[in-house]
Q: 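One structure follows; several queries about it will come next.
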Protein chains: 2
Amino acid sequence: MAKAPVERKTRIQTENKARILDAALEVFSRHGYRGATIDQIADGAGMSKPNLLYYFRRKQDIYQTLIDRLLDTWLKPLIELDQEGDPLPELRGYIRRKLEMARDYPRESRLFANEMLQGAPRIHKVLETRLRDLVDEKAEVISDWMAAGRLNRADPRHLIFAIWSTTQHYADFDVQVRAVLGPKRGGEGRFDDAARFLETLFLDGLKPRDPQGVAPQPKIRVLGDE
Amino acid sequence: MAKAPVERKTRIQTENKARILDAALEVFSRHGYRGATIDQIADGAGMSKPNLLYYFRRKQDIYQTLIDRLLDTWLKPLIELDQEGDPLPELRGYIRRKLEMARDYPRESRLFANEMLQGAPRIHKVLETRLRDLVDEKAEVISDWMAAGRLNRADPRHLIFAIWSTTQHYADFDVQVRAVLGPKRGGEGRFDDAARFLETLFLDGLKPRDPQGVAPQPKIRVLGDE
DNA sequence: ATAGAGTTTGATCAAACAGTCAAGTTTTTC
DNA sequence: GAAAAACTTGACTGTTTGATCAAACTCTAT
């Protein structure tokens with residue numbers, strides 16, 4: 001009788017679960033939860049649908065497994081931001097780690113983005129607890145650096161958003177990036193170009209350090225209501 | 001006999017098509033093309049499925065209509081970047097227009113993001129022609145500003161990516177933004193905070209203008225291969 | 001080598017899905 | 001106000017999808 005595998009992990013179980021999760025990551029990251037089908041995943045994993053369902057009894061179980069694993073990986077680069085280090089190198093390191101993740105794990109990035117676009121129905125609670133606590137903690141660190149004059153003043157939480165968005169962009173919008181850059185600029189070197197650019201952006205900004213004919217800066221306005 | 005509506009647009013046709021597209025935008029922007037169902041859209045538009053299919057014969061037609069309309073709206077803010085204007089106010093204006101779009105048209109932003117995550121199967125050609133040409137043109141403008149010393153030097157195309165990603169983040173990852181900011185900071189004012197922050201980021205960068213104890217800057221490295 | 005646990009699959013099911021159709025109802029046109 | 005055009009819908013079709021199951025097959029430990 002077909003029974004769900006229990007506690008003991010056999011060799012075949014380990015292998016097949018890995019193959020399924022790999023194929024599922026591919027499909028879910030492209031089409032989102034609802035748009036993905038078990039048939040596609042089974043096909044990608046090179047096994048029959050009932051066989052796949054022997055390892056994961058429901059579609060949801062596969063997705064949940066992927067999401068659970070993802071969160072740890074996703075938070076790690078921020079966790080490594082070190083209060084004791086020097087502000088600029090620390091931020092540079094953080095940006096680099098995030099960009100490397102976008103380069104090396106684009107499917108994970110897209111899976112995460114898909115979950116967000118859907119309104120994060122499955123990880124909403126985690127966002128409001130674990131993620132918020134972590135960001136609060138690191139925002140405090142950044143805030144202290146700014147108060148000590150070691151960083152230019154700016155909203156630390158929005159700074160973290162900016163690092164997230166700019167780096168993940170190279171995974172989530174990869175098609176657009178490559179289409180816009182063209183064959184010349186859009187090759188493998190695009191991540192190095194991105195790293196160089198982001199360093200300039202975050203550390204130096206666009207205003208020239210040695211102004212030569214810069215227009216006077218208009219006073220700050222926030223968003224109008226059109 | 002039920003025949004598809006032809007050239008002439010009646011009042012009812014205009015109204016119903018608008019209602020359908022509005023409901024479809026809601027559904028497609030959350031679940032992507034494959035994850036959306038005609039039943040959901042018909043339900044959201046408050047009409048029966050056959051009635052909906054009287055106005056749009058296939059699911060694809062609805063999606064394509066949305067995508068086609070989107071592109072013009074999406075490109076407009078960049079088109080308005082004026083070569084004759086002053087660099088910093090021009091960029092500030094562009095950032096503001098994009099952020100206003102994220103605030104006022106989050107569903108359109110998510111629809112676009114969803115299409116990108118899927119690999120842009122339906123607009124790939126447009127990206128490589130119209131979008132690339134436009135970006136090439138504006139990158140040239142920015143490049144000229146930099147060459148004239150009116151802007152700090154940085155890769156203009158990656159600069160455009162950064163503006164896209166940071167602003168669209170507030171629409172596409174809205175759940176995460178609000179979860180992280182919490183009830184206090186995550187209210188309506190979050191877009192004003194974002195506007196202020198992005199202005200600081202893009203114009204000033206994080207390096208303090210008046211260093212007081214800033215660590216020496218390590219030499220630039222690009223991405224390692226870990 | 002053999003018993004039993006672990007694995008695989010063809011056949012199948014009910015629900016969800018995109019799309020059709022003929023017959024009705026409402027609106028517009030003259 | 002009657003005819004025509006436009007609109008609406010219940011019933012339906014064929015297909016896809018998530019999930020089940022019993023029977024067959026393979027592997028592993030003794």
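Proteins get letters first, then strands, A, B, ... in listed order; numbering begins at 1 in each.
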Q: Would you kindly give the CE-to-C1' distance between B:M47 and C:dG19, to the nearest whole Å?
A: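 Rounded to the whole Å, the gap is 17 Å.
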
Q: Of A:Q60 and B:T14, whose nearest nucleotide on DNA chain D comes first from the 5' end?
A: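 Taking each residue's closest nucleotide, the earlier one in sequence belongs to B:T14.
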
Q: Please give, in whole Å, the distance from C:dT28 C1' to B:I12 CD1?
A: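 The distance from CD1 of B:I12 to C1' of C:dT28 comes to 9 Å, rounded to the nearest Å.
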
Q: Would you call A:D72-A:R130 a salt bridge at under 4.0 Å N-O?
A: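 Looking at A:D72 and A:R130, the cut-off is met.
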
Q: Under 3.5 Å, sequence neighbours excluded: what are the donor-acceptor pairs made by side chains of residues 173-183 of chain A?
A:
from	atom 1	to	atom 2	distance (Å)
A:D174	OD1	A:R190	NE	3.4
A:D174	OD1	A:R190	NH2	2.9
A:D174	OD2	A:R178	NE	3.1
A:D174	OD2	A:R178	NH2	2.9

Q: Taking OP1 and OP2 of C:dT8, is either one under 4.0 Å from a side-chain nitrogen or oxygen of A:Y55?
A: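 Indeed, a polar side-chain atom of A:Y55 lies that close.
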
Q: Should the ring pair A:F161 and B:H169 be called parallel, tilted or perpendicular, given that the plane angle runs from 0 to 90° and is split at 30 and 60?
A: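 Tilted.
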
Q: To the nearest angstrom, how far is A:Y54 atom OH from D:dC25 atom C1'?
A: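 In whole Å, D:dC25 C1' and A:Y54 OH are 13 Å from each other.
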
Q: Between C:dT8, D:dT8, C:dA11, which nucleotide has the shortest distance from any of its atoms to the side chain of A:P50?
A: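 Selected nucleotide (nearest to the side chain): C:dA11.
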
Q: Tell me whether the rings of B:F112 and B:W74 are parallel (<30°), tilted (30 to 60°) or perpendicular (>60°).
A: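 Aromatic pair B:F112/B:W74 classed tilted.
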
Q: Encode nucleotides 13-18 of chain C as B, S and - characters from 5' to 3', where the letter depends on protein heavy atoms closer than 4.0 Å: B to the base, S only to sugar-phosphate, - to neither.
A: ----SB

Q: On the nucleotide D:dC7, are OP1 or OP2 found under 4.0 Å from the side-chain N or O atoms that B:N51 carries?
A: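 B:N51 to D:dC7 OP1/OP2: no side-chain N or O under 4.0 Å.
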
Q: Quick one: A:E15 CD to C:dT8 C1', roughly how many Å, whole number?
A: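 It is 15 Å, rounded to the nearest whole Å.
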
Q: Whole angstrom is fine here: how far is it from CD1 in A:I20 over to P in C:dT7?
A: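 So the CD1-P distance, A:I20 to C:dT7, works out to 11 Å.
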
Q: Establish, for the pair A:R122 and A:Y33, whether the NZ or CZ atom is under 6.0 angstrom from the six-membered ring centre and no further than 45 degrees off its axis.
A: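 Yes, A:R122 sits over the ring of A:Y33.
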
Q: Could you give the CD-to-P distance, from B:Q13 to C:dT27, as a whole number of Å?
A: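 Roughly 15 Å, once rounded to whole Å.
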
Q: With respect to the phosphate group of D:dC7, does any side-chain polar atom (N or O) of B:T10 fall under 4.0 Å of OP1 or OP2?
A: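 For D:dC7, OP1 or OP2 has a side-chain N or O of B:T10 closer than 4.0 Å.
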
Q: Would you mind reading off the distance between B:L52 atom CG and D:dT8 atom C1', rounded to a whole angstrom?
A: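 Answer to the nearest Å: 12 Å.
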
Q: Answer yes or no: does a side-chain N or O of B:N16 lie under 4.0 Å from OP1 or OP2 of D:dA6?
A: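 B:N16 to D:dA6 OP1/OP2: no side-chain N or O under 4.0 Å.
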
Q: Please determine whether a side-chain nitrogen of the Lys or Arg among A:R19 and A:E15 lies less than 4.0 Å from a carboxylate oxygen of the Asp or Glu.
A: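 Salt bridge flag = no for A:E15 with A:R19.
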
